[in-house]
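Have a look at the structure below, then the notes.
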Amino acid sequence: NVYRMGYTGKNIRAVTLDTGVYLHPDLRQNVVGFLDFVAMKRACYDDNGHGTHVAGILAGNGKSGRGLYSGMAPEAQIFAVKVLNQRGGGKIRDVINGIRYVLLKQKEMKIRIVNISIGTLPHKKDPEDELFLFWVERLWDAGLVVVTAAGNKGPKEGSVTIPGNSRKVITVGA
């Protein structure tokens, strides 16, 4: 068990670019910040649930389920950046603004990991998607570990969407 080996996420700060975060009892103590590029609200919220789901997989402590359902790194710190709306969709511009914020604050906030569970729709050489990919790759170039979604179009050849198709990120599919 990796937890017994000491790998719990302690002193690791991860940013989630998603639909926000609800302060669930299993996450409350791990959420160290929140920024909203969609509605510019100050208090933590998640009007979709996906961002909270992702944060729970990453850093939920599992206490409400007596430890049965803890996250991968239950002692990691989460800084949630809301870039997606209540339907789980959004504007590439908001995601890029979230990425630019992370790059600006990376050292000051000691950010190590960025999770982007976002995939674009399949387009043919869309300039906005290419710009999105450029900014995602800047995160990696800045020394951050970047984890992205494969998208929801698979599992067939060529179905991994931007930014998951980048060679500079860790792409996860289910």
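- Summarising the geometry, atom CG belonging to Asn48 is positioned 15.0 Å from atom OH belonging to Tyr22; distances are rounded to the nearest 0.5 Å.
- Hydrophobic clustering (ILVMFWY, side-chain heavy atoms < 4.5 Å, transitive): Val114 and Leu58 are in distinct clusters.
- Thr52 contributes atom OG1, which lies 11.5 Å from atom OH of Tyr45 (distance to the nearest 0.5 angstrom).
- In the model, Tyr69 has no side-chain atom that pairs as donor or acceptor with a side-chain atom of Asp26 under 3.5 Å.
- For Asp94 and Lys82, the salt-bridge test fails: no basic side-chain N is under 4.0 Å from an acidic carboxylate O.
- Distance CG/Leu27 to NZ/Lys63: 12.0 Å, rounded to 0.5 Å.
- Partners of Ala73 according to the side-chain contact (heavy atoms from CB on, under 4.5 Å) rule, which considers only residues two or more places apart in sequence or in another chain, are Ala76.
- Residues Thr19 and Asp46 bring a donor and an acceptor atom of their side chains to less than 3.5 Å of each other.
- Follow the hydrophobic side-chain contacts under 4.5 Å out from Val54 and you never reach Val136; the two are in separate clusters.
- In this model, no donor atom of one side chain and acceptor atom of the other lie less than 3.5 Å apart for Thr16 and Asn115.
- Cluster membership for Trp140 and Met109, using ILVMFWY side-chain heavy atoms within less than 4.5 angstrom, is shared.
- Enclosure of atom CZ in Phe79 by more than 12 non-hydrogen atoms of other residues, nucleotides or ligands within 6.0 angstrom is indicated.
- The 12-atom threshold is exceeded at CZ of Arg28, counting heavy atoms of other residues, nucleotides or ligands nearer than 6.0 Å.
- Listed for the Asn30 side chain is a donor-acceptor partner under 3.5 Å among the backbone atoms of Pro74.
- Annotation: side-chain contact (heavy atoms from CB on, under 4.5 Å) contacts of Val160 (sequence neighbours excluded): Ala150, Asn165, Thr171.
- Note that CE of Met40 is 7.5 Å distant from CG of Leu35, once rounded to the nearest 0.5 Å.
- By the 30° and 60° cut-offs, the orientation of the rings of His53 relative to His50 is tilted.
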### Ile78/Val32 under side-chain contact (heavy atoms from CB on, under 4.5 Å): CA gap, chis, key distance, verdict
CA-CA 6 Å; Ile78 300 290; Val32 297; over 6 Å; no
#### Entry: side-chain contact (heavy atoms from CB on, under 4.5 Å) between Lys105 and Tyr101, worked out
CA-CA 6 Å; Lys105 298 293 188 174; Tyr101 177 83; 3.6 Å; yes
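- Remark: the backbone N or O of Arg87 is paired with a side-chain donor or acceptor of Asn85 at under 3.5 angstrom.
- Rounding to the nearest 0.5 Å places CG of Leu103 at 7.0 Å from CG of Leu144.
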### Message
Is there a side-chain contact (heavy atoms from CB on, under 4.5 Å) between Thr148 and Ser166? Walk through the geometry before answering.
### Response
CA-CA 9 Å; Thr148 69; Ser166 169; over 6 Å; no
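- At distances below 3.5 Å, at least one donor-acceptor pair connects side-chain atoms of Ser159 with backbone N or O atoms of Lys156.
- Annotation: side chain of Ile12 is in contact with side chain of Ile113 (closest heavy-atom distance under 4.5 Å).
- The CG atom of Leu104 sits 13.5 Å away from atom CD1 of Ile99, with the distance rounded to the nearest 0.5 Å.
- Annotation for Arg112: atom CZ does not count as buried by contact number, only 12 or fewer foreign heavy atoms lying within 6.0 Å.
- What you find for Gly98 and Val83 is that their closest heavy atoms are CA-CG1, 4.3 Å.
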### Trace of the side-chain contact (heavy atoms from CB on, under 4.5 Å) decision for Arg42 with Asp36
CA-CA 7 Å; Arg42 292 182 183 228; Asp36 181 3; over 6 Å; no
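- In this structure a side-chain-to-backbone donor-acceptor pair under 3.5 Å is present from Gln106 to Ala142.
- Met72 and Val172 are not part of a single hydrophobic cluster, where members link through side-chain heavy atoms under 4.5 Å apart.
- Note on Val102: it does not cluster hydrophobically with Phe34, by side-chain heavy-atom contacts below 4.5 Å among ILVMFWY residues.
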